[in-house]
Amino acid sequence: MNIFVLNGSPKGESSNTFKVTTAFLEGLNSNEEHNIEIINISKAKIDHCHGCFACWTKTPGKCVIKDDMNGFIEKYIKADLIVWSFPLYYFGMPSKIKAFLDRLLPTNLPYMDLNADGTSGHAPRYDLSHQRHVLISTCGFYATKHNYDALISQFEILCGDKLTKILKAEGELLKVPQLKGKISEYLAHVKQAGLEYSKTGKIEVDTQEKLNELLYPPDVFVKMADRKSTRLNS
């Protein structure tokens with residue numbers, strides 16, 4: 001399986017989210033060795049979409065901007081699994097991976113579909129029916145509700161029933177040395193999730209429940225987070 005990993009954290013490989021992603025990839029490869037390619041979005045040359053629509057009119061399927069995206073689009077099309085790895089930034093994704101997403105416009109046709117349910121969209125230029133997507137993200141809140149709603153909705157529209165999510169609340173705790181035991185236990189569950197996904201294309205319910213468990217109760221976590229904020233502002 002060709003796996004294309006988009007590390008969208010501005011912190012690159014030192015990000016909390018990428019720790020989770022690494023454990024998931026280890027689980028995937030423990031069942032069967034896959035062809036995994038990782039790109040660090042923060043280090044890539046990705047301009048923002050200019051909105052010129054040349055990729056639909058003048059150069060169909062090709063962006064006229066000369067940067068890394070044309071090569072990335074080729075890798076994206078060939079991938080069987082896309083792993084989106086990034087932290088939550090203000091109810092959405094970091095700006096540079098949003099630019100990556102915007103620049104996927106050449107993979108769509110300009111013609112508009114009229115769907116039976118009243119929605120509309122653009123048909124894909126390429127056959128991507130084989131593709132699946134995994135969204136891995138951490139955030140600094142103790143709850144995903146109302147924080148991830150917009151992002152989840154966006155990815156569910158983009159990916160439909162081919163989307164699997166690993167969302168880790170209290171993600172800032174993944175870099176606390178004193179919590180090594182709790183962190184190792186959580187990452188072991190993530191690795192198990194990767195193993196299950198490699199075998200069946202899904203994460204078992206029991207494993208998903210373990211992934212959703214908090215490292216600390218909300219009231220304790222809030223006190224810890226507030227103390228840290230106080231130190232940062234002092």
Side-chain angles (χ1 to χ4, degrees), residues 1-9 17 21 24 37 39 41 44-137 139 144-167 197 200-203 208:
M1 180 164 60
N2 292 321
I3 302 174
F4 193 34
V5 182
L6 307 172
N7 180 8
S9 173
T17 304
T21 300
F24 183 77
E37 182 165 0
I39 63 168
I41 298 292
K45 294 181 179 178
I46 302 175
D47 195 2
H48 293 281
C49 177
H50 295 176
C52 65
F53 297 104
C55 61
W56 281 357
T57 57
K58 297 179 181 179
T59 56
K62 296 289 184 182
C63 181
V64 295
I65 303 173
K66 305 300 181 184
D67 60 9
D68 292 336
M69 272 306 296
N70 284 319
F72 290 162
I73 286 177
E74 292 180 6
K75 298 177 187 296
Y76 183 94
I77 294 169
K78 294 177 181 178
D80 302 302
L81 174 64
I82 311 294
V83 178
W84 302 79
S85 172
F86 55 82
L88 183 74
Y89 271 32
Y90 220 89
F91 308 106
M93 64 187 78
S95 60
K96 199 163 183 180
I97 196 164
K98 179 57 167 65
F100 177 99
L101 182 61
D102 291 342
R103 293 284 301 282
L104 291 179
L105 186 65
T107 65
N108 295 322
L109 292 169
Y111 315 109
M112 193 172 295
D113 283 338
L114 179 61
N115 302 321
D117 61 358
T119 62
S120 62
H122 294 282
R125 185 180 298 274
Y126 308 98
D127 182 9
L128 304 178
S129 59
H130 65 288
Q131 280 190 348
R132 293 178 292 166
H133 297 258
V134 174
L135 171 62
I136 301 177
S137 182
C139 73
T144 58
K145 186 177 181 181
H146 294 321
N147 295 311
Y148 272 106
D149 293 10
L151 184 66
I152 291 173
S153 180
Q154 182 177 22
F155 269 81
E156 287 179 344
I157 292 170
L158 286 169
C159 308
D161 60 0
K162 296 183 178 181
L163 175 66
T164 297
K165 303 181 293 291
I166 298 178
L167 308 177
Y197 191 89
T200 66
K202 64 180 183 179
I203 300 173
Q208 188 66 62

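Just so it is clear, the values below take in all heavy atoms, side chains as well, and ignore hydrogens, waters and symmetry mates. Along the sequence shown, residues carry numbers from 1.
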- Task: Would you please test Met93 and Phe155 for side-chain contact (heavy atoms from CB on, under 4.5 Å) and show each step?
- Result: CA-CA 11 Å; Met93 64 187 78; Phe155 269 81; 3.7 Å; yes
- Task: Determine, stepwise, if the pair Asn7 / Thr21 fulfils side-chain contact (heavy atoms from CB on, under 4.5 Å).
- Result: CA-CA 9 Å; Asn7 180 8; Thr21 300; over 6 Å; no
- Determine, stepwise, if the pair Ile39 / Asp68 fulfils side-chain contact (heavy atoms from CB on, under 4.5 Å). CA-CA 11 Å; Ile39 63 168; Asp68 292 336; over 6 Å; no
- Evaluate side-chain contact (heavy atoms from CB on, under 4.5 Å) for Phe72 paired with Leu104, printing each intermediate quantity in order. CA-CA 9 Å; Phe72 290 162; Leu104 291 179; over 6 Å; no
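Put simply, the side chain of Pro94 reaches to within 4.5 Å of the side chain of Pro87, judged on heavy atoms. By the 4.5 Å heavy-atom criterion applied to side chains, His50 and Cys63 are not counted as neighbours. In this structure the side chain of Leu158 reaches within 4.5 angstrom of the side chain of Leu101, judged on heavy atoms. Counting heavy atoms from C-beta outward, Pro60 and Arg125 have side chains that approach closer than 4.5 Å. Side-chain contact between Ile46 and Arg103: present, with at least one pair of heavy atoms (C-beta onward) separated by less than 4.5 Å.
Nearest heavy atoms, Gly61 versus Tyr126: O-OH, 3.9 Å. Taking every heavy atom of both residues into account, Phe86 and Thr17 meet most closely at N-CG2, 3.5 Å. Between Pro124 and Leu109, the shortest heavy-atom distance links the atoms O-CD1, 3.8 Å. Between His130 and Lys78, the shortest heavy-atom distance links the atoms NE2-O, 4.4 Å. Contact between Leu128 and Ile77 at its shortest, heavy atoms only, is CD2-O, 3.9 Å. Closest of all the heavy-atom pairs between Ile97 and Gly8 is CD1-CA, 3.8 Å.
We find the CD-CG distance between Glu156 and Leu151 to be 10.0 Å, quoted to the nearest 0.5 Å. If you take NZ on Lys98 and OG on Ser95, they are separated by 10.5 Å, rounding to the nearest 0.5 Å. A distance of 8.5 Å separates CG of Asn108 from SG of Cys55, quoted to the nearest 0.5 Å. Rounding to the nearest 0.5 angstrom, the gap separating the CG atom in Leu163 from the CD1 atom in Ile152 is 8.5 Å. We find the SG-CG distance between Cys139 and Asn147 to be 6.0 Å, quoted to the nearest 0.5 Å. Separating the CG atom in Asp102 from the NE2 atom in His48 is a distance of 8.5 Å, to the nearest 0.5 Å.
A donor and an acceptor atom, one from each side chain of Ser137 and Tyr148, are located under 3.5 Å apart.
Side-chain N or O atoms of Asp67 include one that pairs as donor or acceptor with a backbone N or O of Asp47 at under 3.5 Å. Judged purely by atom type and a 3.5 angstrom limit, His133 has no side-chain atom pairing as donor or acceptor with the backbone of Lys165. Asn115 places no side-chain N or O within donor-acceptor distance of the main-chain N or O of Asp117, the cut-off being under 3.5 Å. Between the Lys96 side chain and the Ala44 main chain, a donor and an acceptor come within less than 3.5 Å of each other. With hydrogens and angles disregarded, a donor-acceptor distance shorter than 3.5 Å links the side chain of Asp80 to the backbone of Asn2. Counting only distance, with no hydrogens or angles, the side chain of Asp149 and the backbone of His146 share a donor-acceptor pair below 3.5 Å.
Classification of the Tyr76-Trp84 ring pair by plane angle, with boundaries at 30° and 60°, yields perpendicular.
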